[in-house]
Protein chains: 2
Amino acid sequence: MSVGDVSKRILLGRKLRSSQLGETLLPKRIALPVFASDALSSVAYAPDEVFIMLAVAGASTYVWSWKIGLAVAVVMLTVIASYRQTVHAYPSGGGDYEVATVNLGRNAGVTVASALLVDYVLTVAVSISSASQYAAGAIPPLIGHEATVGVVAVAALMAMNLRGVRESGAFFAVPTYLFMVAILGMCVYGLLRLLSGDLPDAESADLQIVPQPGWEEPLTQIGLMFLLARAFSSGCAALTGVEAISNGVPAFRKPKSRNAATTLLLLGLIAITMMMSVIVLAKQMTIRYVDPHHLEQLRTSSGAVPEGYEQHPVISQIAAGVFDHFSPGFYFVVTVTGIILVLAANTAFNGFPVLGSILAQDGLAPRSLGSRGDRLAYSNGIVFLAAMSMLLIWVFDAETTKLIQLYIVGVFVSFNLSQLGMIRHWTRHLRTERDPAVRRRMMRSRAINTFGLGMTAVVLVIVLITKFLAGAWITIIAMGVFFAVMQAIGRHYARVELELAADEQDKVMPTRVHAIVLASRLHKPTLRALAFARATRPNVLEAIYVSIDPRATNRLLEEWDERHLDIPLKVLHSPYREVVRPIVEYTQEIRRASPRGVVAVYIPEYVVGRWWEQLLHNQTALRLKGRLLFTPGVMVISVPYQLRSSQVAQERGRLDDTRVHAGDLRRGRVGNRETGRQVDDA
Amino acid sequence: MSVGDVSKRILLGRKLRSSQLGETLLPKRIALPVFASDALSSVAYAPDEVFIMLAVAGASTYVWSWKIGLAVAVVMLTVIASYRQTVHAYPSGGGDYEVATVNLGRNAGVTVASALLVDYVLTVAVSISSASQYAAGAIPPLIGHEATVGVVAVAALMAMNLRGVRESGAFFAVPTYLFMVAILGMCVYGLLRLLSGDLPDAESADLQIVPQPGWEEPLTQIGLMFLLARAFSSGCAALTGVEAISNGVPAFRKPKSRNAATTLLLLGLIAITMMMSVIVLAKQMTIRYVDPHHLEQLRTSSGAVPEGYEQHPVISQIAAGVFDHFSPGFYFVVTVTGIILVLAANTAFNGFPVLGSILAQDGLAPRSLGSRGDRLAYSNGIVFLAAMSMLLIWVFDAETTKLIQLYIVGVFVSFNLSQLGMIRHWTRHLRTERDPAVRRRMMRSRAINTFGLGMTAVVLVIVLITKFLAGAWITIIAMGVFFAVMQAIGRHYARVELELAADEQDKVMPTRVHAIVLASRLHKPTLRALAFARATRPNVLEAIYVSIDPRATNRLLEEWDERHLDIPLKVLHSPYREVVRPIVEYTQEIRRASPRGVVAVYIPEYVVGRWWEQLLHNQTALRLKGRLLFTPGVMVISVPYQLRSSQVAQERGRLDDTRVHAGDLRRGRVGNRETGRQVDDA
């Protein structure tokens with residue numbers, strides 16, 4: 001345990017035992033909230049971005065808002081229809097990455113993985129930025145400190161995930177259902193008030209919007225097209241997160257694929273309903289919403305808006321209007337919106353290690369990520385995700401409008417490759433399938449995916465055109481970096497694999513074993529090492545002592561004689577106090593003398609429990625082991641002797657094994673690990 | 001190799017081969033400069049401090065300057081006479097620490113060690129601060145940036161020492177002899193000009209010094225006493241570094257002790273001559289020098305000194321005056337003074353690891369420091385020393401006057417304990433010695449040490465009284481911290497020793513060896529591990545595979561059959577992708593089944609050469625080894641397979657073994673290490 005670990009333990013608290021976890025796979029009513037927070041939470045910022053983009057040319061373009069909403073809804077339905085095919089065809093939870101790799105090859109898979117990794121970072125950055133704007137809207141003293149609030153929130157999420165949170169279904173279900181109730185309730189109540197004719201205007205309704213220079217009426221046809229395209233591509237932020245279910249199929253109850261597909265459809269319908277209701281209500285309440293960097297566009301009847309005017313998010317304004325006589329309603333809506341946004345950011349912390357483990361199995365990320373419980377690699381991933389998103393929040397000052405320009409590119413890159421992969425998938429299966437009913441289903445699926453590809457390709461082109469200079473280039477560079485790193489790792493593993501491929505001569509057994517036991521002093525660990533070494537009955541057994549001080553050497557030799565140890569003790573003289581080199585050279589000599597034999601070096605080690613004790617012991621053994629590994633024909637045997645203080649560390653290790661990992665719930669990895677028993681889905 | 005190492009290599013360059021080292025012990029003419037730089041360099045700042053302290057009560061007290069110089073000289077001669085006894089009695093190079101430990105017990109030894117450690121830090125801080133003032137004196141653009149210059153210089157020294165400098169005799173001899181020539185030449189020329197009556201006044205001679213408030217004439221008797229005592233204790237800074245030779249006796253040619261004693265006397269005489277000459281010349285040139293924080297004390301004939309007036313160090317002022325018609329003389333003096341100060345700082349970088357290694361042998365510092373070549377611990381020491389001294393330079397803004405208040409306490413603490421130890425030493429030997437001639441010599445030595453103790457005790461009291469509040473308290477706290485840490489380490493080692501003490505039952509040999517070979521795949525490393533394990537002929541031999549993916553498991557089982565490996569392969573199922581825990585539990589089960597047997601776990605490892613390759617391999621093996629060490633009755637066997645890239649690391653390791661360590665020269669550790677042969681002193 002390093003010093004860092006100590007401070008981590010202090011900060012993050014005691015680890016949870018996984019026996020406290022739930023023991024079942026997810027029924028649909030729980031699976032929906034587990035996977036929905038990311039997708040649903042975008043209703044908190046996507047409508048705002050549509051209004052901002054339209055506002056460039058003044059409030060008159062707001063007439064397009066619900067049409068843009070409809071366009072987004074159509075794309076969303078298409079994408080959901082496509083993913084319903086994916087969850088049936090690839091129920092293993094590999095999602096887009098698996099689809100692309102299997103059907104389009106490794107480069108496509110790596111591209112999708114890069115896109116997803118970048119998107120995880122952006123999910124955190126965008127969700128937390130938006131959440132801190134809601135927080136500032138409800139708590140005025142936070143105004144102007146949104147970036148700080150965001151960074152602190154990410155740090156808190158990081159700590160929580162490093163610690164390992166117990167994620168029960170309720171953890172996701174309560175806030176997600178509350179959010180649905182809040183938004184849909186607000187919309188229904190608002191629409192009722194609209195019908196009864198007493199829907200008040202929004203707080204910004206009195207303002208006028210002056211078009212930005214160059215965007216004054218009348219707009220050219222091309223200008224209007226570009227404006228709408230930009231608004232549409234920002235609105236497409238609503239689509240992020242719908243792919244989450246395709247990675248989580250194994251966590252569903254049986255029939256897994258059908259349940260996942262149903263949940264996906266449900267999720268889409270709810271998301272669309274919420275988004276459209278918000279847009280329509282905002283339009284009816286004549287909301288005025290501009291880019292926070294162009295507040296000069298806003299005018300009151302008496303001139304410019306006052307200095308320090310603060311725009312509130314669309315949902316805040318609607319809630320304030322709809323619940324104008326019932327302020328608890330307003331606070332409820334704003335609070336659950338903030339919570340759902342934080343939950344959405346948390347899904348990225350869950351998804352990141354899941355993706356990492358899949359990549360590791362395919363040799364595109366360090367292999368140790370592939371097995372459970374590599375705390376170091378796993379924690380590094382969480383810290384990396386948090387650091388990158390904090391950086392983004394800080395650099396972009398927690399402005400959702402700017403961050404949204406970087407978002408979506410990645411999502412649509414993976415949508416496209418995934419759809420293309422699915423088309424190939426169906427085509428390949430159609431080649432061998434003979435059953436006409438199945439063929440019909442496959443043809444239908446392929447048609448859906450083809451339509452999906454066309455749609456998402458168009459959206460990707462629109463997004464690239466409208467957002468490239470505004471920030472998407474950053475995303476593309478980041479994707480390129482991830483791509484290059486993963487390819488390099490992949491190549492390295494392939495090269496090693498080749499070098500390690502076994503041939504017949506590797507089975508040849510060494511002719512003799514020459515065992516040497518390192519004796520620094522004559523104490524329990526040394527005696528134990530001698531006993532263990534003798535138990536293996538080597539051809540030659542001797543003890544080795546490196547003499548750096550004649551007095552100590554004589555003392556050891558005397559003790560050796562007194563104890564009647566019938567193992568010879570060889571003393572290597574080292575005038576320069578070197579310990580490692582004489583031993584390495586001695587093993588090399590033995591090896592030279594009998595090249596077909598093997599040298600077994602027994603190192604007695606004391607096992608201590610505290611990090612500072614580690615610094616005081618075994619440093620030389622550590623260095624020696626490091627050097628001996630490079631000497632061919634040598635095997636290095638650690639013979640541990642457990643000191644009393646080692647119990648501390650042993651207990652710590654045991655707790656570490658059984659701790660909860662973020663993302664376990666959505667991987668279906670819930671079970672009573674204490675007994676090693678996995679509870680199957682009934 | 002960690003990431004940090006990579007950046008270290010880039011910064012610090014390729015390591016030197018020690019075959020390039022010199023091959024002889026030191027003759028006196030080389031030993032003098034090797035050990036003198038610290039002691040001699042204090043002439044660059046000690047006189048300045050005397051003048052500053054006296055100036056508090058105005059220039060009239062300057063009449064005392066040469067008397068204070070004489071008092072310092074007397075103390076120095078006494079101390080040198082005492083150390084001449086030490087080098088004869090303790091020729092092993094343990095110095096004050098050894099004297100105190102042997103004669104006064106461990107607590108005294110640890111106290112001395114704490115004092116020395118603190119003083120190493122202060123030597124760097126004071127010398128480099130003074131050097132940067134000389135630099136600023138010669139290069140006006142550096143004025144006001146002395147702290148930055150100092151920090152950069154320490155960083156450069158640190159890098160040089162981390163890299164391992166080839167320290168030949170010439171490295172020390174050239175600048176030290178040049179410094180002697182420069183200072184003594186300047187003084188002789190100055191005194192000649194004085195005799196011929198054309199010695200010009202110093203640049204500050206026209207200034208008046210206004211006494212500080214409360215110090216106006218006429219001074220009270222007590223006031224004057226305090227003033228002189230303060231000036232004296234600052235002047236005692238000249239004594240730092242004289243103890244260096246007592247740590248370096250083994251590096252001298254034979255007869256080691258006599259040569260060391262002669263060199264010590266020579267050093268003392270040179271230091272005194274230089275200091276007295278500088279003080280007398282400064283007085284004759286009517287130098288005016290005040291605390292840089294009290295420049296308001298200085299007055300020109302027309303009033304206050306101009307804003308931004310810069311005082312130059314005493315030696316600078318003398319050189320400027322003496323060489324008023326020959327500016328190269330001035331630059332020569334200032335340059336070599338700067339160089340000797342840097343060299344003095346470097347001696348601390350050499351002495352620190354030497355002391356560390358002695359402490360390690362006595363179990364007061366991590367044991368690995370005691371053997372040569374623990375790069376990590378050794379480098380940590382250098383970095384620690386550099387960091388602490390940079391901090392001091394920064395905090396005290398590279399002002400020698402302030403730093404000097406922290407200095408000297410440590411030196412005099414160790415002087416006192418060492419003298420007391422020497423008295424005990426002689427008393428003990430007198431008890432058994434019968435030869436009257438030897439007894440007479442011993443009595444004389446004891447008298448010298450007793451006188452020395454009296455003198456240094458008085459000085460210590462004066463230093464404590466005059467400097468405690470001005471900064472010595474910081475030193476005392478730091479010494480306390482070092483003391484506590486060393487005692488804690490000592491107690492820990494003692495506790496472990498007790499726990500490890502061997503008894504008879506430890507010789508009992510395990511009844512059977514159950515060997516398990518971990519197979520992750522069937523490649524060369526696994527085959528080699530199987531072959532090696534079989535070579536040790538265990539009672540039971542089996543291969544273990546942790547299955548986290550059924551497909552991979554089936555592939556391995558098929559391959560296993562194909563290759564006709566006659567070792568059974570056992571598959572441990574791990575539904576949660578854990579790798580470490582199933583293996584640990586399996587070994588525990590085996591152990592429970594036969595408690596008197598031993599489990600040998602063979603881990604195939606690939607050995608790679610680059611740090612990033614390390615991250616991609618063996619992480620799981622590393623974690624597993626860490627956990628298995630805590631399991632009683634298990635030995636862990638690493639069977640390395642060297643990949644081609646491992647040659648990079650092997651070569652690096654070899655270079656590392658043979659690299660130069662700072663301080664080797666003064667430890668007498670010079671020799672041709674390539675052949676392992678130590679060249680003896682002829």
Side-chain angles (χ1 to χ4, degrees), chain A residues 366 368 371-374 377 489 492 496 499-502 506-510 513 522-525 527-528 531-532 534-537 548 575-581 598 605-607 615-616 619-620 623 627 629-630 632 635-640 642-644 646 649-650 653 657 669 673 678, chain B residues 366 368 371-374 377 489 492 496 499-502 506-510 513 522-525 527-528 531-532 534-537 548 575-581 598 605-607 615-616 619-620 623 627 629-630 632 635-640 642-644 646 649-650 653 657 669 673 678:
Chain A
S368 53
S371 69
R372 192 175 186 281
D374 190 320
I489 291 176
H492 170 78
V496 168
E499 204 178 331
L500 292 181
D506 296 313
K507 279 171 71 177
V508 175
M509 204 173 99
V513 179
L522 197 58
H523 46 30
K524 282 173 187 283
L527 289 175
R528 176 174 291 185
F532 279 20
R534 201 147 49 166
T536 65
R537 286 181 294 276
I548 54 176
Y576 299 111
R577 297 190 163 282
E578 288 167 314
V579 173
V580 171
R581 208 155 72 106
V598 60
E605 280 185 48
Y606 339 139
V607 183
L615 295 182
L616 298 178
Q619 296 297 319
T620 307
R623 247 173 348 114
R627 289 296 306 284
L629 289 182
F630 291 105
M635 52 184 175
V636 183
I637 297 123
S638 303
V639 182
Q642 290 83 15
L643 286 172
R644 276 190 289 272
S646 71
Q650 194 174 10
D657 269 355
R669 284 196 197 164
R673 282 204 196 83
Q678 183 174 23
Chain B
S368 53
S371 68
R372 192 174 186 282
D374 191 320
I489 291 176
H492 170 78
V496 168
E499 202 178 334
L500 292 182
D506 296 314
K507 278 170 71 178
V508 175
M509 205 172 96
V513 179
L522 197 57
H523 46 28
K524 282 171 187 284
L527 289 175
R528 177 175 289 185
F532 280 20
R534 198 148 50 166
T536 66
R537 286 181 294 273
I548 55 178
Y576 299 111
R577 297 191 162 282
E578 289 168 313
V579 173
V580 172
R581 208 155 74 107
V598 59
E605 280 186 47
Y606 339 139
V607 183
L615 296 181
L616 297 178
Q619 297 297 319
T620 306
R623 243 164 0 105
R627 288 295 307 283
L629 289 181
F630 292 105
M635 52 182 174
V636 183
I637 296 123
S638 302
V639 182
Q642 290 83 16
L643 286 172
R644 276 190 291 272
S646 71
Q650 193 174 10
D657 269 356
R669 283 193 197 166
R673 283 206 196 83
Q678 182 173 26

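Heavy atoms only: backbone and side chains are in, while hydrogens, waters and symmetry mates are out. The sequence lines fix the lettering, A, B, ..., with proteins before strands; numbering per chain opens at 1.
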Rounded distance [0.5 Å steps], CZ in Arg528(B) versus CE in Met635(A)
11.5 Å
To the nearest 0.5 Å, what is the distance between NE2 (His523(A)) and CD (Glu499(B))?
11.5 Å
Chain A: which of Leu629(B), Thr536(B), Val607(B) shares the most heavy-atom pairs with it under 4.5 Å?
Leu629(B)
Quick check for you: among Val513(B), Ile637(B), Val496(B), which has the greatest number of heavy-atom pairs under 4.5 Å with chain A?
Ile637(B)
I'd like to check Phe630(B) versus Pro640(A) (side-chain heavy atoms, cut-off strictly below 4.5 Å). Are they in contact?
no
Pairwise side-chain contact, Val639(A) with Val636(B), heavy-atom cut-off 4.5 Å (strictly under)
no
Under 4.5 Å from any heavy atom of chain A, what part of Leu522(B) do you find: side chain, backbone, both or neither?
backbone
Could you tell me which non-hydrogen atom of Ala531(A) sits nearest to which non-hydrogen atom of Pro510(B), and how far apart they are?
O-CD, 3.5 Å
